[in-house]
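A quick write-up on the structure given underneath.
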Amino acid sequence: MTMMASGIRMRRPTAGDGSRVWRLLRTAGGLDVNTPYSYIMLCDLFGDSCVLAEAEGEPVGFVSALRLPERNDTLFVWQVAVHPSARGRGLAKAMLRELLGRRTEIRYVEATISPSNGASQALFRSLARERGCVCRVTAGYAAELFPKGQTHEEEERYRVGPL
Ligand SMILES: CC(=O)NCC[C@H](N)C(=O)O
């Protein structure tokens with residue numbers, strides 16, 4: 001568990017956090033809200049590469065990530081969510097630092113980010129600056145990949161490293 005100066009605590013989540021993480025994602029906005037099951041499963045089976053941030057016991061931030069099986073020096077950051085009440089305090093970066101601090105063998109961080117998600121774009125560019133490395137943006141998932149009738153922006157691929 002890591003404590004920020006603001007009193008926000010960050011820790012590895014467990015299955016019991018999944019439902020509250022799902023509610024946080026619904027409140028955070030701007031992200032794909034997956035099923036409650038997916039957050040329970042992520043917190044349970046992939047908790048080592050996820051971070052839950054809590055203020056006075058309430059979820060205010062969540063990062064889900066997976067190490068890529070074929071490229072195990074790369075951490076794929078799936079979602080970065082921050083509650084509106086916790087914005088502007090560097091929480092997203094603090095959660096990434098917490099995550100990267102757990103695994104020294106991670107050399108690259110990847111994510112897909114939609115053009116409208118300026119906060120995450122700035123976060124990954126800032127991580128690259130902080131680590132003195134490159135943030136490369138390439139084509140990711142085209143809008144056409146998503147089901148017809150479900151409008152979804154394209155997702156550009158961000159790759160930061162070598163850390
Ligand atoms: C880094 C990040 O939060 N990406 C979001 C990917 C996607 N739009 C989702 O919400 O899962």
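In each ligand, atom 1 is the first atom listed, and ligand 1 is the first ligand listed.
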Pick out the protein N or O atoms lying less than 3.5 Å from any N or O of ligand 1, and list each pair with its distance.
residue, atom, partner, partner atom, Å
ligand 1, 3 (O), Val80, N, 3.0
ligand 1, 4 (N), Trp78, O, 3.2
ligand 1, 4 (N), Thr112, O, 2.9
ligand 1, 8 (N), Asp32, OD1, 2.7
ligand 1, 8 (N), Glu155, OE2, 2.6
ligand 1, 10 (O), Asp32, N, 2.7
ligand 1, 10 (O), Asp32, OD1, 2.8
ligand 1, 10 (O), Gln79, NE2, 3.1
ligand 1, 11 (O), Trp78, NE1, 3.4
ligand 1, 11 (O), Gln79, NE2, 3.0

Residues forming a ring-ring contact (aromatic ring centres under 6.0 Å, His included) with Phe46, sequence neighbours excluded:
none
Heavy-atom check, side chain of His83 versus side chain of Leu24, under 4.5 Å
yes
If we ignore angles and hydrogens, is there a donor and acceptor under 3.5 Å between the side chains of Glu155 and Ser114?
no
Where the side chain of Arg157 meets the backbone of Val137, is there a donor-acceptor pair that is under 3.5 Å apart?
no
Salt-bridge contact Arg11-Asp17 (side-chain N to carboxylate O under 4.0 Å)
yes
Charged N to carboxylate O below 4.0 Å: is that the case for Arg20 and Glu54?
yes
